[in-house]
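Nothing here was measured: the structure is a model prediction, and the numbers come from that model. Chain letters run A, B, ... following the sequence lines, proteins first and then strands; every chain starts at 1.
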There are 2 protein chains.
Amino acid sequence: MKPGYLHGTDCRPVAEILSRIGDKWSVMLVMELHDGTRRFSELRRALHGISRKMLTTSLRGLERDGFVTRTVHPTIPPKVEYQLTDLGRELAVPVRALGEWALQNRARVLVARERFDQAAATHAAVVEPDRQAVR
Amino acid sequence: MKPGYLHGTDCRPVAEILSRIGDKWSVMLVMELHDGTRRFSELRRALHGISRKMLTTSLRGLERDGFVTRTVHPTIPPKVEYQLTDLGRELAVPVRALGEWALQNRARVLVARERFDQAAATHAAVVEPDRQAVR
DNA sequence: GCGGCGTGGTCTATAAAAGAGACCTGGGCT
DNA sequence: AGCCCAGGTCTCTTTTATAGACCACGCCGC
């Protein structure tokens, strides 16, 4: 076996962490919170397309893993503020790099997808169905 | 609304890309392929814990999005090689940063989780069940 | 000759996660 | 009184992730 980066180590422990910090909502929440403290409704407006359920779940996960603090102010209406922790600010470095990369390169990815999908469609039309398995 | 990073833009387009590049198996595959061309079985051995199904699916997704090339050598036994593309090498920069961060900080995350879970358990034991909703 | 092993997958069934949005309490405003 | 806001919870549905059996075929050891 070639000595590679992971080199045969059990990946599941680190995979578990990656599931959290690579999650799309987590990436966007960390990016938004990097700009300062935010309330629940502010985050909801910032992340167009996220449901209340997913916002709560994602924030809860980030809080659980130590990236975010949640501060409830005993006011009416209720005021809850979310903020990055020290660990969260450290995480923000690679997370923002990833998010920025996604924003800046989205078009190139979509072009590649289209090419791939067209090639696959062309290939499907040419090859007998029972031979398609041999890609 | 506070002017934040995302500032009310529809997040779903970039979320879609983030789903791909933030996916735990994608992160680990890109990290491994950054060290050089690999065969399917080599990747399988490098990523302990991944099933054949997930390896195929993840590689296919990375190929589709233009991060990876797949080269079939007409040999027996079959030899298929995977390699990062230019786009893939560019992506490797933030992806490796994220993966490295996960490896180096996993312990801190786990500690935070334990603390949170203990605090939650303690809180649950103290509060009347019907009041737990008010966190 | 036969069985086991390797290659690189596909496929089916199951489990888990992601997600939508109705609903909740209570106060402020019209 | 009705509508809006805050910050969620909850139930149900959809989607994704996952395990591992199975495939063809050649090589190798017995």
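In this structure, A:Ser58 and A:Asp23 approach most closely via the heavy-atom pair OG-OD2, 4.3 Å.
Between B:Glu63 and B:Arg60 there is a salt bridge, with a side-chain nitrogen of the basic residue lying less than 4.0 Å from a carboxylate oxygen of the acidic one.
Surrounding CZ of A:Arg89 are more than 12 heavy atoms belonging to other residues, nucleotides or ligands, all under 6.0 Å away.
Note: NE2 (B:His73) to P (C:dG9) measures 12 Å, nearest angstrom. Remark: C1' of D:dT16 and CZ of B:Arg60 are 17 Å apart, rounded to the nearest angstrom. What separates CZ of B:Arg52 from C1' of C:dC11 is a distance of 13 Å, to the nearest Å. The nearest whole Å value for the distance from the CG atom in B:Leu55 to the C1' atom in C:dT10 is 13 Å. Residue B:Trp25 contributes atom CH2, which lies 7 Å from atom P of D:dA19 at whole-angstrom precision. Protein atom CE of A:Met28 is 13 Å distant from nucleotide atom P of C:dA18, rounded to whole Å. Here C:dG19 presents its P atom at 7 Å from CG of A:Asp23, a figure rounded to the nearest Å. Counting to the nearest Å, the C1' atom of C:dG27 and the NZ atom of A:Lys79 are 16 Å from each other.
Each of B:Ser19 and B:Thr56 lies near DNA chain C, and the nucleotide nearest B:Thr56 is the one positioned closer to the 5' end. Annotation: of the two residues near DNA chain C, B:Phe40 and A:Ile50, the 5′-most nearest-nucleotide partner is B:Phe40.
With sequence neighbours left out, the side chain to side chain donor-acceptor pair (under 3.5 Å) criterion links B:Glu114 to no other residue.
Applying the 3.5 Å distance criterion, the base of D:dG7 shares no donor-acceptor pair with the side chain of A:Arg39.
Checking D:dG8, C:dG9, D:dA6 against the side-chain heavy atoms of A:Pro78 singles out D:dA6 as nearest. Comparing C:dG27, D:dT9, D:dA6 against the side chain of A:Ile76 picks out C:dG27 as the nearest. Comparing atom distances between the A:Lys53 side chain and each of C:dG21, D:dT9, C:dA18 picks out C:dG21 as nearest.
Side-chain nitrogen and oxygen atoms of B:Ser51 include at least one within less than 4.0 Å of the OP1 or OP2 phosphate oxygen of D:dA19. Residue B:Arg45 places no side-chain N or O under 4.0 Å from the OP1 or OP2 atom of C:dG8. Here B:Lys24 reaches the OP1 or OP2 of D:dT18: one of its side-chain N or O atoms lies under 4.0 Å away.
The side-chain heavy atoms of B:Val68 and B:Gln83, taken from C-beta on, include no pair separated by under 4.5 Å.
At a threshold of 4.0 angstrom between heavy atoms, the contacts of A:Ser41 are confined to the sugar-phosphate backbone, with no base atom among them.
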